[in-house]
2 protein chains.
Amino acid sequence: MSDFSRLSLNSATTKRWTLREAVDGCVRAGIPAIGPWRDRVHEAGLEEAARMIRAAGLAVSSLCRGGFLTAADADGQAAALADNRKAILEAEALGTRDLYLVVGGLPAGDRDVVAARARISDRLAELVPFAHEHGVRLLLEPLHPMYAADRALVSTLGQALDLAAPFDAADVAVAVDTFHVWWDPALREQIARAGWEGRLASYQVCDFNLPIAVDALLSRGMMGDGVIDFPTITSWVRDAGYAGPIEVEIFNQEIWDADGDKTLATMKERFTELVLPHA
Amino acid sequence: MSDFSRLSLNSATTKRWTLREAVDGCVRAGIPAIGPWRDRVHEAGLEEAARMIRAAGLAVSSLCRGGFLTAADADGQAAALADNRKAILEAEALGTRDLYLVVGGLPAGDRDVVAARARISDRLAELVPFAHEHGVRLLLEPLHPMYAADRALVSTLGQALDLAAPFDAADVAVAVDTFHVWWDPALREQIARAGWEGRLASYQVCDFNLPIAVDALLSRGMMGDGVIDFPTITSWVRDAGYAGPIEVEIFNQEIWDADGDKTLATMKERFTELVLPHA
């Protein structure tokens with residue numbers, strides 16, 4: 001029999017489901033944890049979301065997502081800080097320690113990546129005391145370089161660890177999402193580094209499909225459908241000491257159009273085949 | 001008056017033009033060098049291509065391209081070596097020292113990037129003596145990570161330099177193409193490293209357009225149309241000691257559909273505005 005005790009459904013995988021439907025889907029499938037996106041939490045209402053997840057006996061593996069910290073103007077920066085503080089309170093209310101941050105890309109018309117990265121660092125320093133106070137760990141997620149300009153100017157795990165370095169590992173850590181980092185020639189060593197620095201805080205699995213989807217954000221695929229070597233990367237994550245939840249987060253129109261229960265069933269099969277034996 | 005003495009047209013920018021048309025276009029535009037693609041050289045015939053470029057008074061800044069070195073089977077490896085030896089002879093005949101290599105992605109159905117990268121290294125070692133004998137320098141070009149699976153498992157300049165390290169800098173060097181590397185958080189330091197290692201052998205300029213084109217290969221744009229900070233990257237290349245040709249290589253359907261002479265005029269304007277003052 002397979003062991004799904006570490007499996008978690010990131011709610012984006014079943015995008016059409018409300019939080020209620022996703023919670024019920026996890027219970028039906030025997031998946032013990034969920035990583036909700038904030039839009040579905042807001043829709044349900046924060047307190048009701050926390051209550052329904054708890055009542056269903058599910059753990060919250062993470063909250064997606066805060067971030068977008070690159071604004072160059074004072075208003076944009078204040079808005080980003082306010083939204084991230086709200087996300088920190090939401091993570092606390094939902095009973096998860098881990099808040100994913102997608103750090104943000106270039107402001108419109110701006111091309112200075114060096115300055116934008118410095119602003120990420122500055123905003124992070126402003127957020128950390130608040131996160132610490134609320135027992136929330138900020139997870140820096142490197143995104144695939146094809147999203148550098150419009151989503152995240154943190155593109156490698158090494159860069160995320162460098163950005164995290166000034167902060168306590170209990171406050172700022174990193175996430176490994178196979179889709180975003182599989183291509184990185186330094187991946188093995190940076191996963192190991194994340195482990196020994198005590199910052200390897202979350203592991204998301206999702207394949208990289210080819211050809212790249214017309215909407216490049218939707219190139220994420222079910223494990224086994226793309227080019228990623230899950231046994232190898234998963235063993236690196238294991239060898240770095242990671243023993244936490246493994247979230248499945250897939251943005252893919254075909255999967256979104258499919259029946260959610262079938263998606264969860266496929267997810268469990270592929271997890272059993274490609275991930276679990278190496279985790 | 002602007003100085004176009006370092007400007008070179010990569011023939012892919014005016015994809016519809018034959019080599020003859022591209023050569024004539026460069027002469028009309030006062031562009032002193034060309035970087036031809038092999039398909040257009042073959043079409044013209046190697047000797048005739050060399051003759052017509054020489055007769056027009058143009059320099060050949062590089063030849064595009066060899067590579068695709070990741071085959072796992074003996075036949076595929078032999079075919080790759082044969083094709084690359086042919087490309088080396090073509091570079092020699094055309095009077096250019098520099099042959100671009102796009103190293104290749106994963107063989108169909110293969111997911112082992114570590115082993116595929118080791119094969120790139122092995123094939124390179126087999127090619128270097130032949131290249132050396134013919135006075136041709138093999139240029140490792142890191143490609144954007146969105147092409148890692150199907151085009152090139154060398155994705156960063158640092159990785160290209162590591163791969164080049166066992167070989168003499170006169171035989172194996174690296175190319176910087178802004179489109180492929182602009183996002184790299186280690187770019188400044190790796191360009192500097194390429195300089196002090198004597199391996200910074202070619203500089204190609206081309207913008208990164210958003211949204212990513214439906215055919216992801218065609219997201220390359222005219223300098224100034226996308227997100228890349230040409231002044232900054234060009235100054236890093238200059239500070240690393242690079243004083244060679246600057247090739248414009250753009251794959252973009254709209255540009256391909258446009259009049260070639262107009263494309264060259266725009267190229268000269270944008271080069272003058274964004275690149276030359278910092279080169």
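Contacts of residues 139-156 of chain A with chain B at a heavy-atom distance below 4.5 Å involve A/His144, A/Pro145, A/Met146, A/Ala148, A/Ala149, A/Asp150, A/Leu153, A/Ser155, A/Thr156, listed in sequence order.
Closest non-hydrogen pair, B/Ala115 versus B/Asp112, comes out as N-OD1, 3.0 Å.
For B/Pro211, no part lies under 4.5 angstrom from a heavy atom of chain A. Only the side chain of B/Val113 comes within contact range of chain A, with heavy atoms under 4.5 Å apart. Contacts between B/Arg188 and chain A at a heavy-atom distance below 4.5 Å are absent for every atom of the residue. If you measure heavy-atom distances from B/Leu210 to chain A, the contacts under 4.5 Å come from the side chain alone.
Checking side-chain atoms of A/Asp207 against main-chain N and O of A/Gly226 turns up a donor-acceptor pair under 3.5 Å. With hydrogens and angles ignored, the 3.5 Å screen pairs no side-chain donor or acceptor of A/Thr234 with any backbone N or O of A/Pro231.
A tilted orientation is assigned to the rings of A/Phe4 and A/Phe271, their planes being inclined by 30° to 60°. Using a 30° and 60° split on the angle between ring planes, B/Phe251 and B/Trp256 fall in the tilted class, from 30° to 60°.
Taking the centre and axis of the six-membered ring of A/Tyr100, the NZ or CZ atom of A/Arg65 falls outside the cone set by 45° and 6.0 Å.
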After noting the C-alpha distance and the side-chain angles of A/Ile255 and A/Met267, does the key distance pass the side-chain contact (heavy atoms from CB on, under 4.5 Å) rule? CA-CA 11 Å; A/Ile255 291 176; A/Met267 206 175 106; over 6 Å; no
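Counted by atom type alone, A/Gln190 and A/Trp236 present zero donor-acceptor pairs between their side chains at under 3.5 Å.
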